[in-house]
Each structure stands twice: as structure tokens, then as C-alpha cells.
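Reviewing the structure listed below.
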Amino acid sequence: MAQFNRGGWGRLAVALLTLLPVCGPMAQAADPRAGPLLAEIERDLALLGPALGIDGLSPAVRQALLDVPRQAFVPPAERDRAYENRPLPIGYGQTISQPLIVAVMTELLQLQPGQRVFELGTGSGYQAAVLAALGAEVYSVEIVPELGERASAALAASGYAGVHTRIGDGYHGWEEAAPFDAIIVTAAGDHVPPPLLRQLKPGGRMVLPVGSRYFTQQLVLVTRQTDGSVATRELMGVAFVPLTGEH
């Protein structure tokens with residue numbers, strides 16, 4: 001999980017952290033609890049957005065957050081709390097991402113339908129489902145076998161069977177599916193993984209936490225310029241769980 005400090009705003013945000021149309025054949029009515037959750041996210045983004053370069057929730061991301069059934073990606077004991085704006089435990093020392101953090105990281109990727117995304121750290125599968133609901137083709141790697149298998153089953157049961165999942169060390173990316181239009185990383189290392197940089201398309205974006213577990217971490221936006229150069233921008237302080245594979 002991750003903790004995100006917002007200074008004077010006095011709120012903590014914590015997170016762990018396929019090609020599907022936005023309205024797929026298994027689309028279902030949004031849970032009535034989703035509306036109040038989105039209203040809370042939008043209030044938070046009104047404060048955070050200017051510093052992050054985000055102008056609130058875009059219509060596409062808002063719809064994806066409405067459409068993806070968060071309760072399907074949490075253990076049965078946590079489903080009554082599925083639409084609280086907080087992380088929830090999913091076992092193995094991990095959590096399902098807080099919806100606010102999912103919204104922020106998703107907005108920063110600036111995805112278009114049909115684009116290809118790599119995710120390091122499948123976790124619960126919730127973030128991958130949101131990306132797929134935007135029409136992205138998602139390739140996601142999880143290092144904890146039990147979590148990866150559970151997430152794959154939850155994605156399929158919720159209608160996101162087209163999300164490509166794999167058990168392994170996501171530090172190395174998914175070379176045979178590269179290059180990617182966007183990359184999202186849901187655990188912190190002390191540097192940007194070189195294999196992921198190599199697999200990011202010119203014009204592509206990567207969002208990831210960088211820093212050690214016990215010291216300051218930053219959520220970082222990495223952009224590969226059209227000439228191949230790389231630009232990075234630190235966005236806000238966070239505290240994610242560490243990468244557990246090679247790094």
C-alpha cells in the first residue's frame with residue numbers, strides 16, 4: 001500500500017498500489033455507492049489537481065470508475081466497504097488501491113482507446129480493470145502467484161477477460177508486447193527501471209513511485225519525448241510498498 005501526504009489538506013491517501021470497449025457486453029449498472037465515492041474524489045482533485053496538472057476527473061475516467069465494480073476485486077469480508085475512498089486489505093500484505101490514487105494515476109497516463117499499457121503489479125486487478133474500461137489493451141504482471149491468479153479470475157468474472165496477465169517479475173516489463181503507449185507501476189523502487197524505459201514508446205507516459213521504503217518517495221511522471229529523450233517530473237510525496245523482485 002502507499003501513503004500520500006497532502007500537508008495542510010490533512011488527509012491521507014493510501015494505495016498499493018484486454019482490449020475492452022468502455023461499454024462491453026458484460027457491462028452492468030453502476031453500484032449506487034459509486035456516485036458518492038466519485039463526488040469525494042472530485043472534491044479531492046479540486047485541491048490536488050492544479051499541482052498535478054489535472055483538471056478534475058475527465059468524463060472517460062469518471063465513467064470507467066463508475067463502471068468497474070470495485071466490490072468484485074476485494075475479499076468477501078471487505079465488500080461492505082468496497083466504495084469507501086480508502087485501500088482495503090487483499091492479503092499477502094497488500095491492498096486494493098484507493099480510488100483517489102487510481103484516479104490520479106489513470107488521469108496522468110492520458111490514455112486513448114486502443115492504446116497498449118503495461119502494469120507492474122496487478123494486485124487486486126482493479127487498476128487493470130479501470131484501464132481496460134477506458135479501452136486500453138492491458139498487460140499486467142504480478143509477482144505474488146496467489147494474487148495474480150485471484151486477480152485474473154476476478155477480471156474474467158467481471159468481463160475483463162481480455163486483460164493479459166502473467167505471474168513474474170514486472171521489473172523486466174513484457175518485452176514481446178512492447179512498445180507501450182503507457183506504463184504504470186504500483187510499487188516503489190529507488191530508480192526508474194531501465195527495461196520499462198526501453199519499452200515506452202516515444203510520446204509515451206509512465207507513472208510510478210520512486211524512493212526507498214523508509215524515506216521520502218515521490219510519485220513521478222516520466223515522458224519519453226518524440227526524439228527519444230526522457231523527461232521526469234516529481235508530483236507529490238507518497239509511501240508505497242517496495243518492489244519485491246529484481247531492481
Side-chain angles (χ1 to χ4, degrees), residues 1-2 4 13-18 20 22 24 26-28 30-31 33-34 37-38 40-41 44 57 60-109 111 117-144 146-167 170 182-187 207-209 219 238 240-241:
M1 75 181 181
F4 153 35
V14 184
L16 173 65
L17 112 229
T18 27
L20 287 180
V22 173
M26 296 185 67
Q28 53 189 304
D31 190 294
R33 297 173 292 175
L37 171 62
L38 286 176
E40 183 175 346
I41 291 172
D44 289 342
L57 276 180
V61 172
R62 190 180 199 282
Q63 191 63 50
L65 292 171
L66 277 173
D67 289 344
V68 175
R70 190 173 188 245
Q71 72 275 10
F73 297 94
V74 300
E78 303 295 338
R79 286 177 184 164
D80 287 346
R81 300 192 292 161
Y83 287 89
E84 296 176 6
N85 192 18
R86 57 179 294 178
L88 297 171
I90 60 172
Y92 306 94
Q94 307 297 333
T95 65
I96 184 174
S97 302
Q98 182 188 13
L100 173 63
I101 297 296
V102 170
V104 167
M105 295 181 80
T106 302
E107 290 285 3
L108 288 168
L109 293 179
L111 290 175
V117 183
F118 175 73
E119 179 187 34
L120 192 169
T122 314
S124 68
Y126 177 62
Q127 174 72 79
V130 171
L131 298 173
L134 288 167
E137 185 175 5
V138 183
Y139 292 79
S140 185
V141 176
E142 172 56 51
I143 201 168
V144 180
E146 295 84 356
L147 288 180
E149 292 164 5
R150 185 192 303 166
S152 181
L155 286 160
S158 300
Y160 301 101
V163 175
H164 310 285
T165 60
R166 173 182 287 179
I167 307 300
I183 294 175
I184 185 168
V185 178
T186 60
V207 179
L208 75 166
L219 189 67
V238 291
F240 278 71
V241 295

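Note that the structure is a prediction, hence the values are computed from the model and not measured.
In this structure, CD on E149 lies 11.5 Å from OG1 on T122, to the nearest 0.5 angstrom. Summarising the geometry, atom CD1 belonging to I90 is positioned 5.0 Å from atom CG belonging to L147; distances are rounded to the nearest 0.5 Å. Rounded to the nearest 0.5 Å, atoms CG (L208) and CG (L219) are 7.5 Å apart.
Nearest heavy-atom pair, A129 versus Y160, reported as atom, atom and distance to 0.1 Å: O-CE2, 3.8 Å. The two atoms that bring T165 and S152 nearest to each other are OG1-OG, 3.5 Å, heavy atoms only. Listed here is the closest heavy atom pair of V74 and A82: CG2-CB, 4.3 Å. The nearest pair of heavy atoms linking A72 to A154 is O-CB, 3.7 Å. The minimum heavy-atom distance between R33 and D80, with the atom names listed, is NH1-O, 3.4 Å. For the pair A151 and G125, the tightest heavy-atom approach, listed with the atom from each and the gap, is CB-N, 3.8 Å.
L120 places a side-chain heavy atom less than 4.5 Å from the side chain of F118. Using a 4.5 Å cut-off on side-chain heavy atoms (C-beta onward), N85 and D44 make contact. With a 4.5 Å cut-off on side-chain heavy atoms, I96 and E78 do not count as touching. In this structure the side chain of L131 reaches within 4.5 angstrom of the side chain of T106, judged on heavy atoms.
In this structure, R79 has no side chain to side chain donor-acceptor pair (under 3.5 Å) partners at least two apart in sequence or on a different chain. Residues forming a side chain to side chain donor-acceptor pair (under 3.5 Å) with R150 (at least two apart in sequence, or on another chain): none. Shown here are the salt bridge (charged side-chain N to carboxylate O under 4.0 Å, His left out) partners of E84, two or more places apart in sequence or in another chain: R86.
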Please test R70 against L88 for side-chain contact (heavy atoms from CB on, under 4.5 Å), starting from the C-alpha separation and ending with a verdict.
CA-CA 11 Å; R70 190 173 188 245; L88 297 171; 3.9 Å; yes
Any chance you could lay out the side-chain contact (heavy atoms from CB on, under 4.5 Å) test for D31 and L37, step after step, and finish with the verdict?
CA-CA 10 Å; D31 190 294; L37 171 62; over 6 Å; no
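Classification of the Y126-F73 ring pair by plane angle, with boundaries at 30° and 60°, yields tilted.
Under the 3.5 Å distance criterion, the side-chain polar atoms of E142 are left unmatched by any main-chain donor or acceptor of G148.
S124 and Q94 share no side-chain donor-acceptor pair at under 3.5 Å.
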